[in-house]
Asker: 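Structure provided below as structure tokens; questions to follow.
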There are 2 protein chains.
Amino acid sequence: MMERRVTLKDVARAAGVSRATASLVVRGSELVAEQTRKKVEQVIAELDYVPHSGAARLRGQKSRTIGVIIPNLVNTFFSEFVEGIEATLDTTGHLVMLASSRDDPERQAGLIRRLREHDAEGLILFPADGTPPETVLQLARSNLPVVQAMRHVGKGLTDFAGSDPVRAVRESVRHLSDLGHRRIAYVSLAGDTSTRTERLTSFDHHMQAMGLENVGIVEVPLAWDGSPQSAGLLLDLDPRPTAAICFNDILASGLLRGLYDRGLTPGRDLSVVGHDNLSFIDLGAPPRLTTVQVFPRQIGMKAAELLIRRLADPGAAPRAEIVPPLLRVRETTGRCD
Amino acid sequence: MMERRVTLKDVARAAGVSRATASLVVRGSELVAEQTRKKVEQVIAELDYVPHSGAARLRGQKSRTIGVIIPNLVNTFFSEFVEGIEATLDTTGHLVMLASSRDDPERQAGLIRRLREHDAEGLILFPADGTPPETVLQLARSNLPVVQAMRHVGKGLTDFAGSDPVRAVRESVRHLSDLGHRRIAYVSLAGDTSTRTERLTSFDHHMQAMGLENVGIVEVPLAWDGSPQSAGLLLDLDPRPTAAICFNDILASGLLRGLYDRGLTPGRDLSVVGHDNLSFIDLGAPPRLTTVQVFPRQIGMKAAELLIRRLADPGAAPRAEIVPPLLRVRETTGRCD
DNA sequence: TTGCTTGTTTAGATCGATCTAAATTCGCCT
DNA sequence: AGGCGAATTTAGATCGATCTAAACAAGCAA
């Protein structure tokens, strides 16, 4: 029934050489004679031999595998990030083990454990909402090379690749200020992440610095269909904002939808700024969303590069790579009179 | 420098028991006395012992790992699909190794090999554009449980989970026909996939069956920014179509954009039907896209279920699970007079 | 006491590939 | 022929966890 796995011994026997020689051929060593190599390679193909990586690892071989943990995959922001990682790690022959923490720190801890069991050489961690510092501390102690991305816990403990939330918010606020807006609200996700904290703090800070009025934070759940409700919440604020900055493009698009449902026009009745510059906002019906581009793919690549660097030099001091965000002014923001 | 890995032997020594007993504790066996278990578990926590899955696999243990290969991650269609897989496999404690073939069959072959080395218990394959039948034949021979999803190569050779392209096209055509459209074009992606072939064949078939005029196939590359050009191509067709069915929502949204850029209105000047029902089309400015919902998440779950079933019963006859697509009539299709 | 459960623990072999150190073959020179 | 170095090949130990079969301990009945 369940036929036995083809092992190196089988290959060796069939090719009339020793296991050691067969092993050398598999690993492409120079030491073996051309003729022998040919013979062995032929047998490998015939028997459909597949090396047992577990056995190899037992002798100290690398697993050529990197763990990647992300909170979820709901929008292309995450998938572009993962794509960037995958593309870069591919150049060094690493395979990605992708797992989703669903923004649950406990689940995340379990995933980390399993990735370690599978001998992942390193980990790229997009920390779950509410990740406790201990998780990162323990990782730092465990000798497993770790790069945090996008969000961070325990700043400076590990390498980090991300965007610049302060700058993103500053540019958004300044843009609205330049257009004459004075009362601005922020539409955020609920949760406890460094990104959220930094952006809200930064929002408040820049609003004050520019002498504008922060008329409130509106919170909505991260779900494609829940975001239009933000329109109602914003319009109920007192004083009523003339512009809103959104945590991401999904929330912003939802807000646009909510405005249209109420017969209002974005950019005229309420200016809207998004965040992320997801690909889809360039398509469909106008108006195009004014938003902050954050280059998740590049950040993924940076994260992978940091990890590769760290694998080569585990002792190096933690480094942070920031990909500066870029405001893309389009059609959902307009003058306020 | 590079301190040695903590092994079961270390745990055993520190806890004053044998390796065998320690192993039993790790695996949660009933055989060990409460007191001993406590002691060992404590030591495990203290030493931060992480089992070496490679060594375990050597003794015939399962890897609790499933390989998933997809063509890319460009849109949420793929990520929702992966999410469905991940959520279902999570219930059986399986970890996903995700790799992107980038629609390159050779790269895909390499990925399959690597997943086999890592002892993946099974594979969910969303075959790359142009995957040769040999790839699937070899997989079928190799004893590795495989489920193909969305697209398929070598029909009936493996389990399959997907949508129903014929039905999707039929409903789209019928809907347009009901609205009085007679000249319809199809906007497709270039490439060589079962999905594409089935949809184009089906389009032609149903157009004839309903006595309508297939005015042509327009092809565009799969890229977020390339799709608006389809508008120009469609308007140049002779005779000029009054409606277009698109391969997916990205192409459809691009087409909408192209129409607006030319001052035309979807649903009036040209009716547009999409495919996939990506989440974002419910957001942003109206009109909402009329499209065919295909439930990638459910398909992912079905695929994972098929795989789980096959792991339990490797000898079972290949099965196909079809999640019926659903036409969502919204605002980009209108009467034709 | 001895014998027999039942419950708990363990020594030792084993999985498949790799590595070291040593053996073997080959070509070529004296 | 014999000897030498280079090129190839190989026997055997080894990695860490698991499994088998057997040992051991404690409790109880006869």
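Quick note: numbers below take in every heavy atom, side chains included, and nothing from hydrogens, waters or symmetry partners. We name chains A, B, ... by the order of the sequence lines, and we start the count at 1 in each one.
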Asker: Just by distance, with hydrogens left out, do T197(A) and S194(A) show a side-chain donor and acceptor under 3.5 Å apart?
Answerer: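 There is no such pair (donor and acceptor under 3.5 Å, judged by atom type) between the side chains of T197(A) and S194(A).
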Asker: Using a cut-off of strictly less than 4.0 Å between a heavy atom of the residue and any atom of DNA chain C, enumerate the qualifying residues of residues 27-45 of chain B by number.
Answerer: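 By residue number: L31(B), V32(B), A33(B), T36(B).
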Asker: At 4.0 Å (heavy atoms only), tell me whether V17(A) reaches a base, stays on the sugar-phosphate, or touches nothing.
Answerer: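 Sugar-phosphate only.
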Asker: Using a heavy-atom cut-off of under 4.0 Å over every strand shown, decide if T7(A) touches base, sugar-phosphate, or nothing.
Answerer: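 Contact class for T7(A): sugar-phosphate only.
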Asker: In terms of side-chain geometry, is the basic nitrogen of R151(B) or D192(B) positioned less than 4.0 Å from the acidic oxygen of its partner?
Answerer: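 The answer is no: the pair does not qualify as a salt bridge.
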Asker: Contact list please: residues 58-67 of chain B against DNA chain D, heavy atoms, distance less than 4.0 Å, in numerical order.
Answerer: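 Of all residues in residues 58-67 of chain B, the ones placing a heavy atom under 4.0 Å from DNA chain D are L58(B), R59(B), Q61(B).
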Asker: Do L115(A) and T65(A) come within less than 4.5 Å of each other through their side chains, counting heavy atoms only?
Answerer: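 L115(A) vs T65(A): side chains apart.
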Asker: Go nucleotide by nucleotide along DNA chain C from the 5' end; which of G16(B) and R19(B) gets its closest nucleotide reached first?
Answerer: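 Upstream on the strand: G16(B).
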Asker: Going by salt bridge (charged side-chain N to carboxylate O under 4.0 Å, His left out), name the pairs with one or both residues in residues 58-82 of chain B, residues two or more places apart or in two chains.
Answerer: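 For residues 58-82 of chain B, and leaving out neighbouring residues, the salt bridge (charged side-chain N to carboxylate O under 4.0 Å, His left out) pairs sorted by first residue read R64(B)-E121(B).
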Asker: Does E106(B), at its CD atom, have more than 12 non-hydrogen atoms belonging to other residues, nucleotides or ligands within less than 6.0 Å?
Answerer: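 No.
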Asker: Could you tell me whether the side chains of E83(B) and S100(A) share a donor-acceptor contact shorter than 3.5 Å?
Answerer: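 Result is no, nothing qualifies.
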Asker: Could you check whether A20(B) gets within reach of a base, just the sugar-phosphate, or nothing at all, counting any heavy atom under 4.0 Å?
Answerer: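 Since a base atom lies under 4.0 Å of A20(B), the category is base.
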Asker: Answer yes when D129(A) and R196(A) have at least one side-chain N-carboxylate O distance shorter than 4.0 Å, and no when they do not.
Answerer: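 So D129(A) does not pair with R196(A) through a salt bridge.
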Asker: Report the C-alpha distance between D90(A) and R102(B) in whole Å, list the side-chain angles of each, state the deciding distance to 0.1 Å, and finish with yes or no for salt bridge (charged side-chain N to carboxylate O under 4.0 Å, His left out).
Answerer: CA-CA 12 Å; D90(A) 193 52; R102(B) 302 196 202 130; 3.6 Å; yes
Asker: Salt-bridged, D119(A) to R57(A), with N to O below 4.0 Å?
Answerer: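 Yes, charged N to carboxylate O under 4.0 Å.
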Asker: Would you grab the first and last nucleotide of DNA chain C (5' to 3') that comes under 4.0 Å of any non-hydrogen atom in chain B?
Answerer: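 Contact boundaries, 5' end first: dT8(C) to dG16(C).
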Asker: Using the salt bridge (Lys or Arg N to Asp or Glu O under 4.0 Å) rule, pick out the option among R319(B), R310(B), K302(B) that qualifies with D159(B).
Answerer: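 One option only clears the test, and that one is R310(B).
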Asker: Got a sec, which pairs hit salt bridge (charged side-chain N to carboxylate O under 4.0 Å, His left out) with one end in residues 12-29 of chain B, sequence neighbours left out?
Answerer: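 Sorted pair list: D10(B)-R13(B).
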Asker: Just how large is the angle between the end axes of the helix from dT1(C)-dA30(D) to dT30(C)-dA1(D), five pairs per end, to 10 degrees?
Answerer: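 About 70°, once rounded to a multiple of 10°.
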Asker: Main chain of A128(A), side chain of Q108(A): is a donor-acceptor contact present, judged purely on distance under 3.5 Å?
Answerer: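 Present.
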Asker: Does a side chain donor of either E305(B) or T88(B) reach within less than 3.5 Å of an acceptor in the other side chain?
Answerer: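 The answer is no; no qualifying pair exists.
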